[in-house]
There are 2 protein chains.
Amino acid sequence: MTNKKNYRIGVDVTLDVIDGKWKSSILCFLGQGPQRFGQMLRYITEISPKVLTQQLRELENDGLILRTDYEQNPPKVDYRLTKSGKSLRKLLIEMSLWGENQVNEWQKQGKSVTLQTYDHSGFVKFPSSII
Amino acid sequence: MTNKKNYRIGVDVTLDVIDGKWKSSILCFLGQGPQRFGQMLRYITEISPKVLTQQLRELENDGLILRTDYEQNPPKVDYRLTKSGKSLRKLLIEMSLWGENQVNEWQKQGKSVTLQTYDHSGFVKFPSSII
DNA sequence: CAGTATCCTTGGGGATACTG
DNA sequence: CAGTATCCCCAAGGATACTG
């Protein structure tokens, strides 16, 4: 979402804001505290700088994250969750729980689905090994 | 999601299952009870039969909806939420609430965003006029 | 009624190289 | 370090016509 949006239903707002291949990962990562651009790049190893920038800009425009430029040289910039971002975080946790249950369901039914990792102690956890 | 999926985090499972331009609408509509193919086509006016079929098949494969063929002529088929689908419904309601709050936030900030309609009396409401 | 079958378009994201 | 700039590709959807 960027400009002049008209949503059909509330869910679509939430989905629009979270959608983007890496946004959930970014938001989860920022749930652990402010992070710098390079850290995120190294953490989410499959993402390219271009795409990371895109997703960050969108999240910023949607008011979920705040970008802070420390105006230094060499440059230092970090990103953190805003109030909205933090409230979304709670929702993401519930979505995680549902997703984990659903994976269990699928596995019971013999479907080959795997979930790399999760952790309920506060928020989704990212062992560096899995990203 | 259809086959041999490997998810990074729980949220991604939920997002994968809901993603698809019309899935949220379909799930919300089915929240009102079983519906037939033609009804859905007429309700979600912008969707084409091909795409509706696609999305329904995916929801069915993911175990969120159940397709019942009454083996009649002329054909009669309906779709309803499964147990998983119903549990997802509760999550969708929370996502709706978050989305509605976020729209209020945006509007306070002067952004031009609109939300067609919502209703908290049980579930998202779809006045036929708006779809 | 409940779908298939075809053909076509679009934009989100990937890969890589470059810069203040 | 924190990004831009280019070029490229593919799968999700759209439009329309047809069928058991």
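Just so it is clear, the model here is predicted, and its values are computed rather than measured.
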Length of the CG-P vector between B:D19 and C:dG12, whole Å | 13 Å

Under 3.5 Å donor-acceptor, A:E60 side chain and A:L66 backbone = no

Atom CD of B:E58 to atom P of D:dA11: distance rounded to whole Å?
-> 14 Å

Is B:K83 salt-bridged to A:E105, going by a charged N under 4.0 Å from an acidic O?
-> no

What is the minimum heavy-atom distance between B:S25 and A:R8, and which atoms define it?
-> OG-CD, 3.1 Å

Could you state the CG-P distance from A:N73 to C:dG20, rounded to the nearest angstrom?
-> 13 Å

In chain order, what residues pass the side chain to side chain donor-acceptor pair (under 3.5 Å) check against B:D69, with sequence neighbours excluded?
-> none

Bracket string, DNA chain D, 5' to 3' - pairs by Watson-Crick or G-U geometry under 3.5 Å, | interstrand | ||||||||||||||||||||

Please report, rounded to the nearest Å, how far the P atom of D:dG14 is from the CD atom of B:Q54.
-> 9 Å

Kindly write out the residues that satisfy side chain to side chain contact (heavy atoms under 4.5 Å, CB included) with A:E94, not counting sequence neighbours, or none if the list is empty.
-> B:L91, B:E94

With sequence neighbours left out, write down each residue that passes side chain to side chain contact (heavy atoms under 4.5 Å, CB included) with B:K50, or none if nothing qualifies.
-> B:S48, B:Q54

Closest heavy-atom contact between B:L115 and A:I9?
-> CD1-C, 3.5 Å

Pairwise salt bridge (charged side-chain N to carboxylate O under 4.0 Å, His left out) hits with a residue in residues 70-81 of chain B, at least two apart | B:D78-B:R80

Starting at the 5' end of nucleotides 1-7 of chain D, put B wherever the base has a protein heavy atom under 4.0 Å, S where only the sugar-phosphate does, and a dash everywhere else.
-> BSBBBB-

